[in-house]
Amino acid sequence: MPTAKKKKIFVLDTSVLLYDSDAVKNFQKNDIGIPITVLEEIDTFKKGNDVINLHAREFTRYLDKISDRNLLQQWVPLNGKTHGNLRVLHNEDSSVDAAEIFGTQKNDHRILNSVLKLMEDEPDKKVVLVSKDINLRIKARALNIDAEDYETIRIKDIDHLYKGKTEIKYDDSEIIDNFYQTGELDVEQVMQDKPTSNHFFILKNHSSSALGYYNAKKEVIEPVRKNTAYGVTPRNAEQTFALQAIMNPDNLLVTITGAAGTGKTLLALAGALEQRRNYHQIFLARPIVPLSNRDIGYLPGDINSKIDPYMQPLWDNLSFIKNQFSESSKKYQKVDEMVENQKLRIIPLAYIRGRSLSNVIFIVDEAQNLTPHEVKTIITRAGENTKIIFTGDIFQIDTPYLDTQSNGLSFLVDRMHDNDLYAHINLEKGERSELANLASKLL
């Protein structure tokens with residue numbers, strides 16, 4: 001007879017609950033332990049407007065609700081037979097003292113002691129620490145504690161994340177020639193399976209090539225033209241695809257990923273300015289996360305003065321677009337006029353919750369520094385005639401507890417592809433300068 005599997009108790013760290021306030025509901029019928037130290041840390045996060053403050057408050061309310069007439073030192077059922085039980089771990093007097101081993105008194109070591117004590121009290125069950133803090137997981141394993149990352153809101157295979165395009169090579173040029181003549185191709189001429197909505201194609205032959213995308217409404221592949229948007233011309237196939245995705249009025253949600261210097265933000269801004277007549281306003285935003293998560297300290301002045309250093313990359317891109325024209329030209333002056341009349345606004349994301357955005361193009365730069373919950377919050381603000389564009393590099397993350405697999409941008413691409421309202425493209429070739437490309441390759 002096979003041996004019965006041990007029942008599991010998952011002990012959740014503060015980082016997990018600040019990342020997802022509903023985390024306790026995502027472990028099926030297994031039991032959940034919450035160290036008393038975690039509750040103390042959660043309490044320090046309950047004030048503020050950031051998403052972690054929201055999660056802290058939501059979890060506190062949920063804990064208060066389920067503990068209405070129960071003592072949390074005992075196992076409290078979460079939801080009848082469909083879920084396990086929850087208990088607050090108040091005892092930290094384990095035979096092995098993590099603080100003594102690691103030489104300091106820290107909250108992390110108190111959490112480890114709670115786990116060690118639970119392992120002693122529940123020898124028939126497998127105790128697993130769940131944390132998004134890599135260092136805490138390493139310390140736990142050093143004490144022979146099973147430790148895992150929280151993987152419920154996480155991309156399983158980042159290497160196969162949707163790229164948005166496919167390159168197909170042909171031996172002869174007949175198909176490409178017909179594509180140019182008729183302006184469309186049947187899907188069967190390109191691939192056997194039906195492609196995802198708004199998927200892009202690079203069709204190549206020894207002597208010719210063509211760019212196309214799958215129009216899900218007509219169920220055919222149509223050509224993609226190299227268009228100029230507010231003086232900005234695409235320099236490669238992927239940039240051409242990105243501009244097509246932005247300019248297509250049927251695409252209400254667009255994501256553009258790629259390394260630094262590939263033109264993500266520039267194309268988004270240029271495409272938005274080109275469509276300015278179709279919308280009342282253009283909003284530009286990016287998460288306020290300094291490089292390496294080091295704050296620059298107190299800044300005097302109003303909210304615009306405080307966020308201005310963080311938004312400087314957006315201003316730089318606007319300046320580049322303006323400088324495609326002479327200072328006396330109407331297009332140059334139009335950008336300044338839009339900023340002055342607040343038709344083009346750079347705003348902080350912290351104040352987006354609760355708003356309803358109608359008739360706007362909303363560009364969110366550096367979206368890889370957002371959690372999946374923050375991305376959902378932004379998209380659910382969209383009202384009538386609103387287009388949202390997310391740009392970012394999923395391999396350049398400055399926010400603690402987020403990585404390539406758990407950040408909001410990766411999550412969005414993974415969940416949204418093959419939707420008629422959505423288009424995505426990954427930019428690969430750097431176009432900032434030869435020096436920037438050289439640094440990306442060699443340093």
Side-chain angles (χ1 to χ4, degrees), residues 10-28 30 32 34 38 41-42 45 50-56 58-59 108 111 128-141 146-164 253 255-260 264 285-293 349-350 352-353 364-380 388 390-417 422 424 426:
F10 290 98
V11 180
L12 306 191
D13 174 35
T14 313
S15 60
V16 173
L17 298 172
L18 294 178
Y19 179 75
D20 181 9
S21 58
D22 290 329
V24 294
K25 303 174 186 176
N26 295 326
F27 291 88
Q28 298 176 347
N30 297 296
I32 305 294
I34 307 291
V38 169
E41 290 185 335
I42 289 286
F45 283 97
D50 290 339
V51 71
I52 58 172
N53 309 122
L54 172 70
H55 284 309
E58 287 291 321
F59 176 71
D108 281 0
I111 291 170
V128 180
L129 174 65
V130 182
S131 175
K132 297 199 71 61
D133 186 336
I134 297 174
N135 287 333
L136 183 58
R137 296 202 300 266
I138 292 171
K139 286 182 177 180
R141 290 166 189 149
D146 285 314
E148 299 177 359
D149 192 2
Y150 179 64
E151 297 185 349
T152 300
I153 307 177
R154 188 177 174 87
I155 308 305
K156 291 183 179 179
D157 187 3
I158 197 68
D159 293 330
H160 293 90
L161 186 66
Y162 181 63
K163 302 291 186 185
L253 179 63
T255 54
I256 306 172
T257 57
K264 306 179 296 294
R286 66 200 316 253
I288 299 180
V289 181
L291 184 64
S292 302
N293 208 45
L349 280 174
I352 197 68
R353 185 174 288 105
V364 183
D365 194 28
E366 301 292 338
Q368 77 278 2
N369 286 319
L370 298 171
T371 66
H373 187 277
E374 288 172 314
V375 167
K376 180 181 178 181
T377 300
I378 293 166
I379 296 173
T380 53
I388 302 180
F390 289 92
T391 68
D393 178 5
I394 60 172
F395 297 102
Q396 186 176 317
I397 295 171
D398 302 306
T399 304
Y401 309 136
L402 291 183
D403 57 26
T404 55
Q405 293 172 278
S406 63
N407 71 86
L409 185 55
S410 295
F411 187 74
L412 178 62
V413 174
D414 185 65
R415 289 294 178 94
M416 276 290 184
H417 76 272
Y422 172 74
H424 169 73
N426 180 64

Quiz prompt | Main-chain N/O of Thr255 paired with His424 side-chain donor or acceptor, under 3.5 Å | solution = yes

To the nearest 0.5 Å, atom CD1 of Ile379 lies from atom CE of Met416 at 5.0 Å

Does any part of the side chain of Leu161, heavy atoms only, come nearer than 4.5 Å to the side chain of Ile158, both counted from C-beta? yes

Taken to the nearest 0.5 Å, the spacing of Thr257 OG1 from Phe395 CZ works out to 8.5 Å

Residues at least two apart in sequence or cross-chain that pass ring-ring contact (aromatic ring centres under 6.0 Å, His included) with Phe390, listed by chain then number, are none

Self-check item: Beyond-backbone contact of Phe45 with Leu17, side-chain heavy atoms, under 4.5 angstrom
Solution: no

Distance col, row Ile394:CD1 vs Ser410:OG, nearest 0.5 angstrom, shows 4.0 Å

Separation between OG (Ser131) and OH (Tyr19), nearest 0.5 Å, reads 13.0 Å

In this structure, CG of Asp146 is separated from CZ of Arg141 (nearest 0.5 Å) by 9.0 Å

Any side-chain heavy-atom pair of Val24 and Ile34 under 4.5 Å = yes

Value for CG (Asn407) from CD (Gln396), rounded to nearest 0.5 Å, stands at 12.0 Å

> Just by distance, do the side chain of Asn369 and the backbone of Ile397 share a donor-acceptor pair under 3.5 Å?
Replying inline: no

If we ignore angles and hydrogens, is there a donor and acceptor under 3.5 Å between the side chains of Thr14 and Glu41?
yes

For the pair Gln368 (side chain) and Asp393 (backbone), establish whether a donor and an acceptor sit closer than 3.5 Å, ignoring hydrogens and angles.
-> yes

Residues passing the ring-ring contact (aromatic ring centres under 6.0 Å, His included) test with Tyr422, sequence neighbours excluded, are none

key: Any donor-acceptor pair under 3.5 Å from Lys376 side chain to Leu412 backbone   = no

**Prompt:** Is Asn135 close to Asp108 at the side-chain level, that is, under 4.5 Å between some pair of heavy atoms?
**Reply:** no

> Looking just at side-chain N and O atoms, do Asn26 and Tyr150 make a donor-acceptor pair shorter than 3.5 Å?
Replying inline: yes

* Within a strict 4.5 Å, meaning less than it, do heavy atoms of the Val38 and Leu12 side chains meet? -> no

So, does Gln405 use its side chain to make a donor-acceptor pair with the main chain of Ile155 at under 3.5 Å?
-> yes

State, yes or no, whether a side-chain contact exists between Thr371 and Leu402 at a heavy-atom distance under 4.5 Å.
-> yes

Residue pairs meeting salt bridge (Lys or Arg N to Asp or Glu O under 4.0 Å), one or both in residues 129-140, sequence neighbours left out, come to Lys132-Asp149, Arg137-Asp149

| Parallel, tilted or perpendicular: which describes the rings of His55 and His373, with under 30° parallel and over 60° perpendicular? | perpendicular

*Does Ile32 reach the side chain of Phe27, with side-chain heavy atoms less than 4.5 Å apart?*
yes

Would a distance-only check, ignoring hydrogens and angles, find a side-chain to backbone donor-acceptor pair under 3.5 Å from Asp13 to Val16?
no

Can a donor-acceptor pair be found, under 3.5 Å and without considering hydrogens, that links the side chain of Asp22 to the backbone of Lys25? no

